[in-house]
2 protein chains.
Amino acid sequence: MNDDAMDLRARIRQTTREAISHAALRLAIEQGPNGLVLVRVQDIATAAGVSSRTYNNYFSSRAEAICAFQADQSKRAGDALSSRPVDEPLDQAVIEAMVELYTDPEPDRAGLRMIMETPELEGEALKAFSMAEGPLAVAIAARTGIDLGRDLFPAVTAAAVAGAVRVAGRHWLEAGDSESFAAILRSALSCVVPAVPPQGRKDR
Amino acid sequence: MNDDAMDLRARIRQTTREAISHAALRLAIEQGPNGLVLVRVQDIATAAGVSSRTYNNYFSSRAEAICAFQADQSKRAGDALSSRPVDEPLDQAVIEAMVELYTDPEPDRAGLRMIMETPELEGEALKAFSMAEGPLAVAIAARTGIDLGRDLFPAVTAAAVAGAVRVAGRHWLEAGDSESFAAILRSALSCVVPAVPPQGRKDR
DNA sequence: TCCAGAATTTGCGTGTCACGCACATAGTGC
DNA sequence: GCACTATGTGCGTGACACGCAAATTCTGGA
């Protein structure tokens, strides 16, 4: 079992996963935020070209399938921040990383509206956004040299960033085309991320 | 239908609601984070002294019932902040309000651990904490004189505060008795709430 | 080239759940 | 005391998540 094999396996699996979650989101959008109940598991599975049992091998609820894309994107937040130049100030690095992650490509309005404005998806949507927190906290700790275990700053800031992204998304849905998502995102993030961690924190 | 009648009605309803959610949380704790599947709806209803159908009139999922107490507490966050002296700086007001809200009484470790460390409850737990955001944003907007609709600061800060409370709770569960929850909470909140909103924001 | 072992897909059966509906009960105001 | 409305309850239904085992596909080595 060499790497190619693993990678091929993983790639096929990933393809199936995306087919299912894409089908789930598409069908949900078609029915609108109110008719979510009408999107049957069987419909999603059929649209994705798999059996309903296989659908359940990948996702344990419809909400999870529908929000999977958002969740996957959030998981990349840590890497996005880590790939910023190490000499960049914290606030700038976070802002540029998040703008790059969440505006390439420009988010799909219908999809975002679906997961953010459908009450039945609220919990899963929050989960999806909050998945950025862990990796983000690690990246912030690494960048600032603060120990994740001893100081709350990295974890709290990560949560604040994830929250700011979520609020920015909501605002973008309401604001229409008057503002670009990137601009809203910058504005939101600048409210909560300091250029440098307050006080001397490395020593604690 | 006078106020007394309404209030009496509402009070009875509230009592039933609390009986159900209390029973749900208690039974969940008894089974531990792993055996959540074993807590049947019927058990919760019986323990609360109502029919299982009535249970469903109050809550639409077990997770919702179990997390109801946390959700109710979060809903009071706006009021807690509003009741702080108007001349208090924003950061201090937020910190004192949250400390008062979340440490009176000292949270139940078992209950908090249950809702924060059980994967099946994660979405509902996030929902419960995020319920503080709306009222908090309104209170922050009122206190700072910033228009909620035009400036993201209130909403973003509210999300950051809710996130900080959540992170503080997680840390408190891990830290054992070495630190009081109030101290952790203060430390977490001081990472994200500025003493005064950055730049002149009232004019935008 | 072929084969033994694995990962994955699928069908079936099961236990639970959420909820619509209709009826019973209780407390509410006139 | 009487209509009225809110709430509680029993029953029935459709869907869902998942355990299990057989079938199928994929993988790497002889």
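We use all heavy atoms of the structure for the numbers below, so side chains are in, but hydrogens, waters and symmetry mates are not. Throughout, a chain's letter reflects where its sequence line sits, starting with A, and its residues are numbered from 1.
Sorted pairs that involve residues 45-71 of chain A and meet salt bridge (Lys or Arg N to Asp or Glu O under 4.0 Å), not counting sequence neighbours, are lacking altogether. Sorted by first and then second residue, the pairs that involve residues 155-191 of chain A and meet ring-ring contact (aromatic ring centres under 6.0 Å, His included), not counting sequence neighbours, are A:W172-A:F181. Sorted by first and then second residue, the salt bridge (Lys or Arg N to Asp or Glu O under 4.0 Å) pairs involving residues 172-183 of chain B (not counting sequence neighbours) are B:R109-B:D177. Legend: salt bridge (Lys or Arg N to Asp or Glu O under 4.0 Å) pairs involving residues 130-139 of chain B, not counting sequence neighbours, sorted by first then second residue: A:R166-B:E133. For residues 21-37 of chain A, the set of pairs meeting the salt bridge (Lys or Arg N to Asp or Glu O under 4.0 Å) definition, not counting sequence neighbours, comprises A:R26-A:E30.
Electrostatic pairing of B:R113 and B:D108 does not count as a salt bridge here, judged by no charged N lying under 4.0 Å from a carboxylate O.
Between A:E18 and A:Q14, the side chains place a donor N or O and an acceptor N or O closer than 3.5 Å (distance only, hydrogens not considered).
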Which donor-acceptor pairs under 3.5 Å do the side chains of residues 97-106 of chain A make with protein atoms, sequence neighbours left out?
from	atom 1	to	atom 2	distance (Å)
A:T103	OG1	A:V99	O	2.4

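End-to-end axis angle for the helix from C:dT1-D:dA30 to C:dC30-D:dG1, using five pairs per end and rounding to 10°, comes out at 30°.
For DNA chain D, the residues of residues 57-72 of chain B within the heavy-atom distance limit of 4.0 Å (strictly under) are B:N57, B:Y58, sorted by number. Of the residues in residues 17-43 of chain A, none lies under 4.0 Å from DNA chain C by heavy-atom distance.
In terms of heavy atoms, B:S52 sits closest to B:V41 at CB-CG1, 4.1 Å.
Proximity of A:Y55 to the phosphate of D:dA17: a side-chain N or O atom is located under 4.0 Å from OP1 or OP2.
A:S180 pairs by the side chain to side chain donor-acceptor pair (under 3.5 Å) definition with nothing, not counting sequence neighbours. Here A:E120 pairs with nothing under the side chain to side chain donor-acceptor pair (under 3.5 Å) rule; sequence neighbours left out.
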Filtered N/O pairs between nucleotides 11-14 of chain C and protein, under 3.5 Å:
from	atom 1	to	atom 2	distance (Å)
C:dG11	O6	A:R53	NE	3.2

